[in-house]
Structure formats: structure tokens, C-alpha cells
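Shown next, in C-alpha cells, is the structure this report addresses.
Below, chains carry the letters A, B, ... as their sequence lines are ordered, and counting in each starts from 1.
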Number of protein chains: 2
Amino acid sequence: MSAALPRPVSRLIDEFGRLPGIGPKTASRLVFHLLRMPDSQARALSDALRELAEGIVYCQRCFNIAEASPCAICADPGREQASICVVEEPLDVVALERSREYRGLYHVLHGAISPVEGIGPADLRIDELVARLQTEPCEEVILATNPSLEGDATAMYIERAIRATPARARLTRLARGLPVGGDIEYADEMTLARAVKGRSERG
Amino acid sequence: MSAALPRPVSRLIDEFGRLPGIGPKTASRLVFHLLRMPDSQARALSDALRELAEGIVYCQRCFNIAEASPCAICADPGREQASICVVEEPLDVVALERSREYRGLYHVLHGAISPVEGIGPADLRIDELVARLQTEPCEEVILATNPSLEGDATAMYIERAIRATPARARLTRLARGLPVGGDIEYADEMTLARAVKGRSERG
């Protein structure tokens, strides 16, 4: 910013500005907002950031973010041990847990294969997944990558990698079709085509 | 967020979400960005926030934000002591310092009168300005509030408050006219009217 700003202010503007989607204008707006609030708000944000830096580890079994390894899900003997759901991001685990439909284990890849972004299979936790299948009593691997080009390519790559090993788990994908609460009139043609193809008998 | 997220993650999402213009989606995007970066970035942001909470005071003379009171400008004997430039916000001081045209002192109001936002004269540092004029050798008060409805109303209020005291400083306002580098064709009618009214002799 400028010499006329106290160093702590310009320093925080710089730090906020390093976050994605936050330019110098937004950064300085955030800092001046915090200056107008009681100190406690800046302190609470500071403490939360420190806790993130110090208190988050990756579960060494499923690679989800956690407060300790193994994570709460991997450490829970009540979860079905014969099923591994493979997702791209920790937030996908959150979404699936919220659905209350899945009671097995997870494996978090931390991304999807994307040549455009320079992300290859080696950048994801794919080798670790294949290794799990050699040692764990897994009977089904649900490839729950996103229904996108990158997600599909990643699922296909993983499928081939698993088929090349002696592992004999079933490989499945999440169903595609109309979103619940959606409107046929507004569904895109790809979704509608998948919904027709995957139609099921009533009752 | 959800039970499936470690507490430090959901806590930081909540804290980011308390900032203006940052909703839950953006907040979680920021947190997952930080999770992907080396810990040092979250730590640097944490430290900068703590420094802001602990290292910023208001100058008790001009009420600008500073690392100590009096601020660097008030403490500088090289500044013209006979002139006080009244601005709304600390960033206005930054802008004026950048222009290198002003060498006097400042007074930061921390806002402008705005009935819509519920900001009255008592919420601003106006009484403190009037008090300064009784004790300081001020000869000119430049009312450099924004060229907006609120800024003009604030300047007018301050003018009346100062006229009601024995202080005999000159009261001036910043010139209005065409912005340098601007284009007459695109100037709004109010600005153009002020530019004509305030025209000056060549040479």
C-alpha cells in the first residue's frame, strides 16, 4: 500500500491479498473493517488460522483432513469396512455424510486429473488407494468423483489401475439422473439422456 | 459447516464468514485453499492479524491509525503546524500523502454523517477537531471530506461547529473540476458545471 499506513495494516493487506479472489481493494476493505471492529474479531480469526496450521493432519489411511490420524471415520468400528468411497475433496465427504446413505469408508484423492491445470495421477492419492486394496478387506470401491470431464477421466484411470492388480473388489459409480427437486423442463440434454438410460421399474 | 469437518476447519470457515462480502461458500474456498498451501501462509496471516489487534492505536491528536500516539505525521516537526486537513478515513490520508502536495497535519473523522446508516456527528471525531482548534496554532482547516452528499453534509456541519467557536482559522475545501487525464465528453454534468464555475485565467 503506502508509507502513510502503519506497517501492521499494510502487512495484513498484503497477506489478505495473497488469498485467491481477494485483490488489493478487497484486502484493504477487510482490514479497515477489522480496524473498526473490537480487537476480539481479529484475534479470533488469528487464533482460528493458527489452529488450522497446527491442528490439521491428513488421515494416513483415507487422506481426509482430520484432527488426528486415523480420522474419526477410519477409527470408527461401526463403519462398514468392506466399502471404500473414492472422492476428490474433503467437502465431498461432508456432502456424502450429510446424505446419511453411506456407512462405509472413504478415500480422498485431493483433486482430479486435469492436464490443463497440470494435475496428473501422481499428484493424487491414487497409489495409496491401490495399496489399500491389497491389504484391506474391501469388496466394493465406489468411484464418486465429480460428474465432470476431469472426474470421469480420474475414475477411468483409477479403474484401470485397480484392474491391473489382483484386487477383486466391485467397482461402482454414483447414479446419474435428474436431481431431486429438479425440473425436467430445465434439465440439460446430457442429464436427461442419462436419466432415460438409467430408468428403473416402478414398485 | 458439518460434523464431518474437523473443528479447526469449520471454526475458520465461520470466522472468515463473519467478514463483510464473504459468504459461507467463499469462506470454505479460502480455508481449503489454505489447507493446500504450506502451513506458513496460514501462520503469516494469523501473525498479521494478531499484530493488527495488538499493534494499532489511534493517534490521540489526529485520530489516524498509527503504531504509536502521536503518529509519525503529528510527531514530525517538519510538517506545517498551521494547517489541518480534515478527512473521512485513514485511506484518504494515504491518498493525499501520495499526491505530495500537502505538508500540514491531518484530522481523521472516521466516517461521514449519514442518517441512512445511522451515523451522526457524535459518532465522528468532530468535537476533538473543534477542541484542537482552541489549543493549536491552526490558521487553515481544509475540509477534505468526499465530494458526496454525506461528505458535503459533514463539511457543512463542521463549518458551522467551528464558526460557533472563537477559532479564526480559514476554512477551505478541495477544488472540484475535471479529473486530470479525464475526458470532457464523458464528464458528468455536475462535474462539468463545477469546472466551468471554477475556471481560472491562463498564465
Side-chain angles (χ1 to χ4, degrees), chain A residues 1-9 11-16 18-22 26 28-57 64-68 71-73 89-91 93-98 110-111, chain B residues 1-9 11-16 18-22 26 28-57 64-68 71-73 89-91 93-98 110-111:
Chain A
M1 236 15 224
S2 160
L5 281 180
R7 218 187 54 84
V9 173
R11 185 184 161 198
L12 185 55
I13 292 174
D14 289 346
E15 287 296 337
F16 270 130
R18 294 175 62 193
L19 295 173
I22 297 191
T26 306
S28 93
R29 193 167 50 77
L30 292 177
V31 174
F32 281 91
H33 167 83
L34 285 171
L35 278 171
R36 260 182 240 115
M37 296 286 114
D39 283 356
S40 58
Q41 192 176 345
R43 265 176 229 271
L45 187 53
S46 169
D47 292 347
L49 281 156
R50 181 155 295 275
E51 212 178 283
L52 187 82
E54 287 168 2
I56 291 293
V57 297
N64 197 1
I65 51 170
E67 288 177 78
C71 70
I73 291 174
E89 301 287 352
L91 281 178
V93 175
V94 176
L96 282 157
E97 287 296 290
R98 219 186 277 127
H110 291 281
Chain B
M1 246 358 236
S2 160
L5 280 180
R7 220 187 52 85
V9 173
R11 185 183 161 199
L12 185 55
I13 291 174
D14 289 346
E15 287 296 337
F16 269 130
R18 293 175 63 194
L19 295 174
I22 297 189
T26 305
S28 93
R29 193 168 49 78
L30 292 177
V31 174
F32 281 92
H33 167 83
L34 285 172
L35 278 171
R36 262 183 238 112
M37 295 287 115
D39 284 356
S40 58
Q41 192 177 344
R43 266 176 229 271
L45 187 53
S46 169
D47 292 346
L49 281 156
R50 182 153 294 276
E51 213 179 281
L52 188 82
E54 287 169 2
I56 291 292
V57 297
N64 196 1
I65 50 170
E67 289 178 76
C71 70
I73 292 173
E89 300 289 352
L91 280 178
V93 175
V94 175
L96 282 158
E97 287 296 290
R98 219 186 278 128
H110 291 282

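- Chain B forms more heavy-atom pairs under 4.5 Å with one residue of Leu96(A), Leu34(A), Ile65(A), Asn64(A) than with any other, namely Ile65(A).
- Here Leu91(B) contributes atom CG and Arg29(A) contributes atom CZ; the two are 12.0 Å apart, rounded to the nearest 0.5 Å.
- The shortest heavy-atom contact between Gly55(B) and Pro8(A) is O-CG, 4.3 Å.
- The choice from Gly21(B), Ala53(B), Ala68(B), Ser40(B) that makes the most heavy-atom pairs within less than 4.5 Å of chain A is Ala53(B).
- Between the CZ atom in Arg50(A) and the CZ atom in Arg50(B) there is a gap of 8.0 Å [rounded to 0.5 Å].
- A distance-only check finds no donor-acceptor pair linking the side chain of Glu15(B) to the backbone of Ala44(A) [under 3.5 Å].
- Of the atoms belonging to Ile22(B), it is side-chain heavy atoms, and not backbone ones, that fall under 4.5 Å from chain A.
- For the atom pair CG of Leu52(A) and CZ of Arg43(B), the computed distance is 10.0 Å after rounding to the nearest 0.5 Å.
- Contacts between Ile56(A) and chain B at a heavy-atom distance below 4.5 Å involve the side chain alone, from C-beta outward.
- Nearest heavy-atom pair across Glu67(A) and Pro6(B) is CG-CB, 3.8 Å.
- Interatomic distance, Ser46(B) OG to Asp47(A) CG, rounded to the nearest 0.5 Å: 7.0 Å.
- In this structure, chain B has a heavy atom under 4.5 Å from the side chain of Phe32(A), while its backbone stays farther away.
- Residues Gln41(B) and Leu19(A) have side chains in contact (heavy-atom distance under 4.5 Å, counting atoms from C-beta outward).
- You'll find the side chain of Glu51(B) stays beyond 4.5 Å of the side chain of Leu12(A), heavy atoms only.
- Going from atom CZ of Phe16(B) over to atom CG of Leu30(A) covers 9.0 Å, rounded to the nearest 0.5 Å.
- Atom CG in Asp39(A) sits 11.5 Å away from atom CG in Leu49(B) (nearest 0.5 Å).
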